[in-house]
Number of protein chains: 2
Amino acid sequence: MVTARVLDVLGAFTEAAPELGLTEIARRTGLPLTTTHRIVGELAAGGALDRGDDGRYRVGLRLWEIAVLAPASTMLRERAMPFLEDLHEVTRENVALAVLDGAEVVYLERLSARDAVSIVSRSGSRLPVHATGVGLVLLAHAPPDVVEQVLARPLRRFTPHTVCDPARVRAALGEARSSGFVISDRQIEDVSLSVAAPVRDRSGRVVAAMSVVVRADGTNPHTYVPAVRAAARGISRALGATT
Amino acid sequence: MVTARVLDVLGAFTEAAPELGLTEIARRTGLPLTTTHRIVGELAAGGALDRGDDGRYRVGLRLWEIAVLAPASTMLRERAMPFLEDLHEVTRENVALAVLDGAEVVYLERLSARDAVSIVSRSGSRLPVHATGVGLVLLAHAPPDVVEQVLARPLRRFTPHTVCDPARVRAALGEARSSGFVISDRQIEDVSLSVAAPVRDRSGRVVAAMSVVVRADGTNPHTYVPAVRAAARGISRALGATT
DNA sequence: GACCCGGCTTCCGTTCTGCGGAAGACTCGA
DNA sequence: TCGAGTCTTCCGCAGAACGGAAGCCGGGTC
């Protein structure tokens, strides 16, 4: 059970709490202080965690080095980067790439833009599928059981505009399938909307989605659709898709 | 000792071998097959590894999510990205960001360019400090004991141009300190050279280096120096440096 | 300066988890 | 069909991991 505890300890670190003291790690994992102390010390000895001058722990470079070998990073994120950068350059807006994981999307990359709307996601962030453009795209092309799993639970409302009615989400999924893109308007925050499109691999399966996230200020989001879809298709080709 | 073994198993994955079968993991770690099987299974259960349809293991998304919380990723790479992208855009060349780790540099980010020279490094890659522009910059500003540690061992030669003579490396370090940049010419491969500059944090310490990597085709590399230094200074300011 | 509190470190008797060799199942190529 | 290589399962044993208790340390307050 040490392996599970090691992963629990590593999992104690979050976007909101990327650096933690020993006591806090013990609290978050439910492990006794002594046990936590031992495991944390061993992880630090191995480079998976670093301890700062302030006594707090952070994820270490060694773990990062190993983790970037994940296919999501190498086969997906790296190959997508040139297209994300292209879209970033021509639109001057935030650009993101995400994959589906259960009922959430995980952001593999997010390129922010200086004058663009400030957004909550970053590399490694998770957000619920129903409330994001990339999430709706991924769900639209997920197996039916995944859709059912997502819609079986109450959907979280982030803004007055967040669509939480399963029937309306289903309708949005149908629309995504037929149109090939999603416009997700003020679902997470009142100030931003995103335009998302699917990324396919060589077998035609949708393995990721990418989006541009812009200020919800009245600008017609449809103007971004061609560029987003083109970039998504470019990534798909880089992944070996043939259409 | 399980923690160390867990890290050994994860460390079996490399840039050259990002996906491995059970037997190969056991071989690389020196662990008995049964032990490896158990640890790998536990890591897969926790999402740190994924097992493909082909029976081989890869680093899992969950580990990646945790690992991107490393300060190198959040405090350094993310803050550097806008400046890396700027330099990438204006030069149309490969751009990289790296940190020092022992006698090697670890690349935090590498933006490749379509028509640029193909280079060997990518995110997570390691290369020896003496043979890279970013490495010489980092070494130039490292504590003296680090310099001694690096120069105490034979330096690896990659091309006929690789500088392996400690005296010449010391001279290069001195030059880097006084000029504020490094031009590393055909040290790793015969076809490329890099121009690198230091990135400082709020205390003035050099915590990273960035570079542009271009084709060694006679173009005067000095033309890139102002832009690289400007981008490095921009990153430094983003990290709180005051000069 | 004394005291308190919270965080962290060390000790050590106990226990239960991890160990790994052996045997067998499975897959693939010849 | 057979052999080789890979992977899976079993299980008795031992030592690695456990975690409560005691103590150390540093910072803040009076």
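So you know, we letter chains A, B, ... as the sequences are listed, proteins then strands, and number each from 1.
B:Glu24 places its CD atom 9 Å from the P atom of D:dT6, with the value rounded to the nearest Å. Distance CG (A:Asp53) to P (C:dG7): 20 Å, rounded to an integer number of Å. To the nearest angstrom, C1' of D:dT6 lies 10 Å from CZ of B:Arg27. In this structure, B:Tyr57 places its OH atom 11 Å from C1' of D:dT6, rounding to the nearest Å. Counting to the nearest Å, the P atom of D:dT8 and the CG atom of B:Leu22 are 6 Å from each other. Look at CG on A:Asp54: it is 16 Å from C1' on D:dC25, rounded to the nearest Å. In this structure, CD1 of A:Ile39 is placed 15 Å from P of C:dT9, rounded to the nearest angstrom.
Phosphate proximity of D:dG19 to A:Thr35: present, with a side-chain N or O under 4.0 Å from OP1 or OP2. Within the 4.0 Å cut-off from OP1 or OP2 of D:dG5, not a single side-chain nitrogen or oxygen of B:Thr23 is found. OP1 or OP2 of D:dT8 has at least one side-chain nitrogen or oxygen of B:Arg51 nearer than 4.0 Å.
Comparing B:His37 and B:Val2 by the nucleotide of DNA chain D whose heavy atom lies nearest to each, the residue mapping closer to the 5' end is B:His37. Nearest-nucleotide positions on DNA chain C place A:Gly55 closer to the 5' end than the other of A:Gly55 and B:Pro32.
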Point to revise | Step-by-step side-chain hydrogen bond (donor to acceptor under 3.5 Å, both in side chains) determination, A:Glu15 to A:Ser125 | key: CA-CA 7 Å; A:Glu15 202 171 327; A:Ser125 289; 2.9 Å; yes
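To the nearest 0.5 Å, atom CG of residue A:Leu43 and atom CG of residue A:Leu10 are 5.0 Å apart.
With salt bridges taken as basic N to acidic carboxylate O contacts below 4.0 Å, one links A:Arg77 and B:Glu109. Under 4.0 Å is where a charged nitrogen must lie from a carboxylate oxygen, and between B:Glu148 and B:Arg170 at least one such pair does. With respect to B:Glu65 and A:Arg126, a salt bridge is recorded, a charged nitrogen being found less than 4.0 Å from a carboxylate O.
Across all strands shown, B:Leu33 has heavy atoms under 4.0 Å from base atoms, whether or not it also approaches the sugar-phosphate. Among the atoms of the strands shown, only primed sugar atoms or phosphate atoms (P, OP1, OP2) are found under 4.0 Å from some heavy atom of A:Arg5.
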